[in-house]
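Each chain gets a letter, A, B and so on, in the order its sequence line appears, and its residues count up from 1.
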Amino acid sequence: MSDLHAPVLGWYDDNARDLAWRSPSASAWSVMVSEFMLQQTPVARVLPVHERWLERWPTPADLAVEPAGEAVRAWGRLGYPRRALRLHAAARAIVDDHGGEVPRTYAELLALPGIGDYTASAIASFAFGQRHVVLDTNVRRVFARAVGGTELPPPSVTRAERELGAELLPDAPALAATWAVAVMELGALVCTARDPRCDSCPIADRCAWLAAGRPAHDGPPRRGQAWDGTDRQCRGRIMALLRDHDGPVHSSRIDAAWPDATQRERCLASLVADGLITPAGPSAYALP
DNA sequence: CAGGCGTGGGC
DNA sequence: TGCCCAAGCCT
C-alpha cells in the first residue's frame, strides 16, 4: 500500500482529461458550477451545458439577478433539476453574504444550499488548492479495491474511509489537491465500476482486490431505482413540458402528459412545494 | 439513515 | 432488452 502517490500522480500527469473547469484560468465559479452539474450526471453530458452556463452567467452575480426559472430552463435535461434551484440560491447567497465571491473555506462552502461534504471539499481543493479529503464515489471505489480488497465501497461513507483518506493525503496543500483529483480521475477512467481496466492501472501491482483475483461483490445487492410509473417519471414529464414552453402551460397539456390524475396532482403539488414550478393563473403552471 | 430525487448512454 | 450506473444532497 505504501506509496500510491508517485504512480497515481504520474499516471494523472499523462492521462488527465482536459476539462474546462480544470483549466488554470478557470474561475472558482466555473469549478462550483461543474461540481453541481456533476452530482450524479456524467461528464459528457455536463460539458456543453457548463459551457453555455458560464458564457451566460460568468459570475455568481450574473445568475443571482435572474429568476430561478431561468436556471431551471438552462439546466436542460441534466436531471435532478432541484440542483439548478440550489445553484441559483447559492449564487444569491454568495452575492448577499460573500460580496459576490465564491467563499474559500470548507465551512462557508458547506453552508451554501446544494453543497454537502463532497462538494465543499472538492471546491476548496480544486478551486483554491487547499488540503481536504475529497471522497466521491470514484475515490471510494479506488480505496475499496486497492486497499480494502473489495470490489465496491460500503453503501455510505464510513469513518474508516475518512481516516484512510486523511492518511493518504499528502501534507503539502497543492500536492494534496492534485492527489485528490488524480485519484478521482483514476476511478473515473481506469478503476471503473464495471469492467475496470486493471491492465492499464498504475497501481495494479499494489492493488489488494486484483491480488485477490478480483472477487465479486458479496453482501446485499444494491438497490436499483424504480422508474416506470414513479413520481419521478411523472415529475420529469411535467418539467420537460414546462422547459419546452416559453410561458405558462395550461393544465390540459399537463393532463395529456400524465393520465393518472391522482398521481399527477400529487406531483404538481410537490413540484410547487419544491419551488420548481409555480401556479400561473387558475389552471396553468410556469417555471418560477 | 434509507429513501426520494431525472436523465440518457453503454453493455 | 432491460439493467446499471454517473464528481450527491436533503429530510
Base, sugar-phosphate, or nothing for [X], non-hydrogen atoms under 4.0 angstrom?
X: A/Leu19; answer: base
X: A/Pro81; answer: sugar-phosphate
X: A/Gly236; answer: sugar-phosphate
X: A/Ala193; answer: sugar-phosphate
X: A/Gln233; answer: nothing
X: A/Arg22; answer: base
X: A/Trp75; answer: nothing
X: A/Val139; answer: nothing
X: A/Leu78; answer: base

Given [options], the nucleotide with the shortest approach to the side chain of [X]:
X: A/Glu35; options: C/dA7, C/dG8, B/dG4; value: C/dA7
X: A/Thr119; options: C/dA7, C/dG8, B/dC5; value: C/dG8
X: A/Trp21; options: B/dC5, C/dA7, C/dC5; value: C/dA7
X: A/Ala188; options: B/dT7, C/dG8, C/dA7; value: C/dA7
X: A/Arg243; options: C/dC5, B/dC5, B/dT7; value: B/dT7
X: A/Arg45; options: C/dA7, C/dA6, C/dC9; value: C/dA6

For the base of [N], is there a side-chain donor-acceptor partner from [X] under 3.5 Å away?
X: A/Arg232; N: B/dG4; result: no
X: A/Arg194; N: C/dC5; result: no
X: A/Thr41; N: B/dG8; result: no

Value in whole Å for how far the [atom2] atom of [N] lies from [atom1] of [X]:
X: A/Arg266; N: B/dG4; atom1: CZ; atom2: C1'; value: 12 Å
X: A/Gln40; N: B/dG8; atom1: CD; atom2: P; value: 16 Å
X: A/Arg83; N: B/dG6; atom1: CZ; atom2: P; value: 10 Å
X: A/Gln263; N: B/dG4; atom1: CD; atom2: P; value: 13 Å
X: A/Met239; N: B/dG4; atom1: CE; atom2: P; value: 20 Å
X: A/Asp136; N: C/dA6; atom1: CG; atom2: C1'; value: 11 Å
X: A/Asn138; N: C/dA7; atom1: CG; atom2: P; value: 4 Å
X: A/Trp227; N: B/dC5; atom1: CH2; atom2: C1'; value: 9 Å

Inset, instruction - Compare side-chain N and O positions of A/Arg141 against OP1 and OP2 of C/dC5 and report whether any pair is under 4.0 Å apart. - result: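 A/Arg141 to C/dC5 OP1/OP2: no side-chain N or O under 4.0 Å.
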
Inset, instruction - Would you indicate, yes or no, if C/dA7 has its OP1 or OP2 atom less than 4.0 angstrom from a side-chain nitrogen or oxygen of A/Gln39? - result: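 No, because none of the side-chain N or O atoms of A/Gln39 sits under 4.0 Å from OP1 or OP2 of C/dA7.
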
Legend entry - Distance, P atom - from C/dA7 to B/dC5, rounded to whole angstrom: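 Nearest-Å result for B/dC5 against C/dA7 at atom P: 22 Å.
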
Legend entry - Euclidean distance for C1', B/dG6 against C/dA6 (whole angstrom):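 Comparing C1' positions in B/dG6 and C/dA6 gives a spacing of 12 Å.
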
Inset, instruction - Flag the pair A/Leu135 / A/Arg162 as yes when at least one side-chain heavy-atom distance between them is below 4.5 Å, and no otherwise. - result: yes

Inset, instruction - Please tell me if the side chains of A/Leu63 and A/Trp29 come closer than 4.5 Å, counting only heavy atoms from C-beta onward. - result: yes

Legend entry - A/Asp171/A/Arg131 salt bridge by N-O under 4.0 Å criterion: yes

Legend entry - SB check A/Glu161 A/Arg140 (cutoff 4.0 Å):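 A salt bridge links A/Glu161 with A/Arg140.
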
Inset, instruction - Name the orientation class of the two ring planes belonging to A/Trp53 and A/Trp75 (parallel below 30°, tilted from 30 to 60°, perpendicular beyond 60°). - result: perpendicular

Legend entry - A/Glu35 versus A/Tyr118, side-chain donor and acceptor atoms under 3.5 Å: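 Yes.
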
Inset, instruction - Using the closest heavy atom to pick a nucleotide of DNA chain B for each, name whichever of A/Ser156 or A/Arg77 lands nearer the 5' end. - result: A/Ser156

Inset, instruction - Would you kindly compare A/Leu38 and A/Pro113 by the position of their nearest DNA chain C nucleotide and give the one closer to the 5′ end? - result: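 This one resolves to A/Leu38.
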
Legend entry - Shortest non-hydrogen contact from A/Cys234 toward A/Arg264: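 Taking every non-hydrogen atom into account, SG-CA, 4.0 Å.
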
